[in-house]
Amino acid sequence: MPINFNTNKYGDPRWVDSVLTGYTQDQYEIQKYATDLVSDTAEGSRPNITERHLEETFFFCMWMLRCIDESTLSSRFINEMRDYVVREAERERDPDAIEAMVQGIGLDAIRLKDTFSVYFVDFIRYSKKLTGNAYRLVFHPLSGGRVEVESKILVNLYRERFVESAFNFLGSISKPNALDAMTELGEFISSVKQDYLNRRKKEAVDLGSVDSSKFPPCISEYLKLMREGVNLPQMARFTLVSFLHKVGMSSTEVIALFRSAPDFNEKITTYQVNHITGQISGTVYSPPKCAVLLSNHICFKGEDPLCNQEWLKHPLRYYQIKKMRDIKNTPKASAEKK
Ligand code: SF4
């Protein structure tokens, strides 16, 4: 059964209470399954998600995560759940079931014959992070404000919508309400949180000889978002890896840094980093120019005076200038000038 966000009952603390205080086999299973999923995710293992009681367990986990209140942990859990529901959706062959699944999370899509018609606003909104021409509106005929897409494309829109709905749901729970509703699991929640924080501390990587105070705002923002548990768009990841490598971090250090990302996958990250840093391809890639980052909406220059110079065209240039200014301002350099 797919996860349906259209029902209000899961947002009500009385529902949480009914699961905690009920004595049926189902209620016991939901509690047990949810506590296992959350503690596995906090330990850094892959949670064993199964179909049984999936919807109730998912929402119960959301309440627990609201109590724990660690954004990277919440993101990691939501990503695991997202990957599970997407795998199920990809396996689904019945177009009616796919339609029910996407409508269940509030995506405006209607089954045609073998394809689906998506409201163009939803199409634009959920295709933003997806790359490829198949996700650009100009490559689709638009009729009556709707876009016709194949199920493969629809499933990827569903993926994005799922993440948005999950975060919206999580954000809609007030923390005091969550703590109150989950009093019975208070000890378990505190110990999961403590174990999780201890593990994060052990995994924390410092940037070594690299001077992060000289980073341009875009790079600082990517690092901040990653530490907060936000999944970076592909281009931002590429920029971050190529930038950090160019300013002196080794591939091993960069991989270790990505360990804190919510969707960290050792094998994929190692491959991508080694590719960008030239160990696989033989080509050492440079970060894109500012204009490219700006057109991809991942330039965060704000009011930064250096970024707002017309001649500043590249994030690496920013770092070099800041480093040079620093050298010039050292007491020795100032004394030599005199
Ligand atoms: S102007 Fe360039 S260096 Fe500055 S934040 Fe934007 S992309 Fe980064």
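Residues take their numbers from the sequence shown, with the count starting at 1. All of these numbers come straight from a predicted model, not from anything done at the bench. Indexing begins at 1, ligand by ligand and atom by atom, following the structure's order.
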Could you check whether the rings of Phe58 and Phe162 sit parallel, tilted or perpendicular, using 30° and 60° as the cut-offs?
-> tilted
Using a strict 4.0 Å threshold on nitrogen-to-oxygen distance, state whether Glu221 and Lys224 make a salt bridge.
-> yes
Measure the distance from atom 2 (Fe) of ligand 1 to every protein heavy atom, then report the residue, atom name and distance (to 0.1 Å) of the closest one.
-> Cys290 SG, 2.3 Å
Atom 4 (Fe) of ligand 1 to nearest N/O/S of Cys299 below 2.8 Å = no
Taking the six-membered ring where the residue is Trp, are the ring centres of Phe60 and His53 under 6.0 Å apart?
-> no
State whether Arg161 and Glu164 are salt-bridged, where the test is any N-O pair (Lys NZ or Arg NE/NH1/NH2 against Asp/Glu carboxylate O) under 4.0 Å.
-> yes
Taking only heavy atoms of Pro315, which atoms of ligand 1 are found under 4.0 Å from at least one of them?
-> 3 (S)
Going only through I, L, V, M, F, W and Y residues with side-chain contacts under 4.5 Å, is there a path from Phe238 to Leu244?
-> yes
Find all atoms of ligand 1 within a distance of less than 4.0 Å from any non-hydrogen atom belonging to Pro216, and give their numbers and elements.
-> 3 (S)
Count the heavy atoms of every other residue, nucleotide or ligand shown that sit under 6.0 Å from NZ of Lys175, and state whether that count exceeds 12.
-> yes
Identity and separation of the nearest protein heavy atom to atom 4 (Fe) of ligand 1 | Cys307 SG, 2.3 Å
Closest protein heavy atom to atom 8 (Fe) of ligand 1, given as residue, atom name and distance to 0.1 Å = Cys218 SG, 2.4 Å
Just jot down the ligand 1 atoms closer than 4.0 angstrom to any heavy atom of Phe300, in number order.
-> 5 (S)
